[in-house]
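For reference, the structure is listed below as structure tokens.
Keep in mind that the numbers below use all heavy atoms, side chains included, and drop hydrogens, waters and symmetry copies.
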2 protein chains.
Amino acid sequence: MNLKNQVEWALHCCAVMMALPEGVYLPAKVLAEFHGVPKEYLSKALQALSQHGIVIGTLGPSGGYRLARAPDQISFLDIVEAVEGKRSTFRCEEIRGNNPCVPRRHRAGKPCTVARIMWKADEAWRESLRGVSLTDLAAQLAEDVPDDVLAKSRAWLLERA
Amino acid sequence: MNLKNQVEWALHCCAVMMALPEGVYLPAKVLAEFHGVPKEYLSKALQALSQHGIVIGTLGPSGGYRLARAPDQISFLDIVEAVEGKRSTFRCEEIRGNNPCVPRRHRAGKPCTVARIMWKADEAWRESLRGVSLTDLAAQLAEDVPDDVLAKSRAWLLERA
DNA sequence: CCTATTACAGATATATTTTATCCGTAATCA
DNA sequence: TGATTACGGATAAAATATATCTGTAATAGG
């Protein structure tokens with residue numbers, strides 16, 4: 001079980017887009033080159049972010065993408081769910097219904113006990129992601145990444161925005 | 001991103017094996033029929049549980065599987081990891097290394113900031129699963145499942161053990 | 001000892017999902 | 001008008017999940 005690599009790409013793209021001045025858009029082509037990933041496929045992830053209102057895409061020359069709201073209003077969960085979907089990682093196939101001892105009428109009732117436990121763990125995962133905003137990420141990046149790399153990257157991106 | 005259906009099967013099988021008296025083994029064939037799932041493929045999951053020391057498999061007639069330790073010593077995480085593996089759901093492909101502004105030498109240092117956050121969420125998921133034992137599951141099942149279904153199921157299984 | 005039954009390991013096959021790539025369209029800016 | 005961009009849909013290739021099949025070794029019971 002793996003998350004799509006698009007999730008990683010989307011997160012890094014959002015991190016990068018935080019550096020954009022007001023009204024400036026970054027083309028998918030530039031984001032793809034910066035991260036060394038295929039442009040066409042990355043575009044699908046960016047479109048998913050756009051459809052979920054996390055980024056804004058504009059057409060034409062000087063078009064591209066930028067964040068749709070302030071970084072502190074965008075959580076990791078927003079981004080992950082936009083790309084990966086909101087469904088739980090655990091699919092309950094209701095195999096308890098195959099128990100030869102349970103009558104067919106017994107359809108209703110609570111969801112499966114096993115599923116409830118798995119879904120709760122899934123919610124813990126989401127809760128953890130919900131608690132981290134892009135602002136939090138920026139703060140961590142400021143600690144982790146050397147200042148010159150940060151500055152050079154900003155310049156590189158703005159040249160191409 | 002989905003967990004394997006074998007995870008669901010393995011959890012339900014472990015739930016069922018709690019009902020076994022000392023020294024009694026339940027064949028994969030019976031577990032498969034009880035849950036309405038293909039025997040051959042279920043066997044792979046049971047073998048994974050066996051390899052990880054969660055169940056014990058014995059050969060020959062009257063052979064089969066039983067839990068390797070007390071139910072309160074087996075967590076959901078044990079079972080899930082046995083079938084699904086211990087690797088994080090988030091694969092970091094180190095795309096930060098593709099940044100054209102970062103020199104090649106810069107290999108070392110901390111793991112990627114984005115990855116650390118994703119791995120932390122993964123750990124929250126595991127922590128949640130670690131906190132639920134088979135005993136906890138049994139308690140919940142006692143509440144959720146009607147007594148007669150529980151009794152009939154036990155009888156059905158023991159007939160075939 | 002013989003036979004039926006079982007777990008187990010490995011090879012193979014099928015289905016589904018992920019990972020792309022390609023193309024046409026519409027919008028936008030110079 | 002022409003270059004550039006996002007967007008949507010179709011298609012293709014690769015990886016993974018979902019099985020199935022085979023043979024082997026161990027074991028209980030006759």
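The salt bridge (charged side-chain N to carboxylate O under 4.0 Å, His left out) analysis of residues 111-124 of chain B, with sequence neighbours excluded, yields the pairs A:D144-B:R116, B:D122-B:R126, B:E123-B:R130. Listed by first and then second residue, the salt bridge (charged side-chain N to carboxylate O under 4.0 Å, His left out) pairs involving residues 33-59 of chain B amount to none (not counting sequence neighbours). Sorted by first and then second residue, the salt bridge (charged side-chain N to carboxylate O under 4.0 Å, His left out) pairs with a member in residues 48-71 of chain A read A:R69-A:D78; sequence neighbours excluded.
Between C:dA9 and B:Q51, a contact under 4.0 Å exists linking OP1 or OP2 to a side-chain N or O.
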Using residues 2-23 of chain B as the side-chain source, report each donor-acceptor pair under 3.5 Å to any protein atom, sequence neighbours left out, with the distance given to one decimal.
from, atom 1, to, atom 2, distance (Å)
B:Q6, NE2, B:Y41, O, 3.2
B:E8, OE1, A:E93, N, 3.3
B:E8, OE2, A:E93, N, 2.9

Identify each donor-acceptor pair in which a side-chain atom of residues 147-161 of chain B lies under 3.5 Å from a protein atom, sequence neighbours left out, and give them as a table.
from, atom 1, to, atom 2, distance (Å)
B:S153, OG, A:N99, ND2, 3.0
B:S153, OG, B:V149, O, 2.7
B:R160, NH1, B:W156, O, 2.9

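Contacts with DNA chain D (heavy atom under 4.0 Å) in residues 11-31 of chain B: none are found.
Look at CD on B:Q47: it is 14 Å from C1' on D:dT20, rounded to the nearest Å. In this structure, the CZ atom of A:R160 is 17 Å from the C1' atom of D:dT4, given to the nearest Å. Taking atom CG of B:L42 as the reference point, atom P of D:dC21 lies 16 Å away to the nearest angstrom. For the pair B:R66 CZ and C:dA7 C1', the computed distance is 16 Å after rounding to whole Å.
Partners of B:S50 by side chain to side chain donor-acceptor pair (under 3.5 Å), not counting sequence neighbours: none found. Shown here are the side chain to side chain contact (heavy atoms under 4.5 Å, CB included) partners of B:L59, two or more places apart in sequence or in another chain: there are none.
Within the nucleic acid shown, A:S43 has no heavy atom closer than 4.0 Å to any nucleic acid atom.
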Report summary line: With B for base contact, S for sugar-phosphate-only contact and - for none (protein heavy atoms under 4.0 Å), nucleotides 18-30 of chain C reads SBBBB----BBB-
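Taking the side chain as every heavy atom from C-beta outward, A:L129 and B:M118 approach each other to under 4.5 Å.
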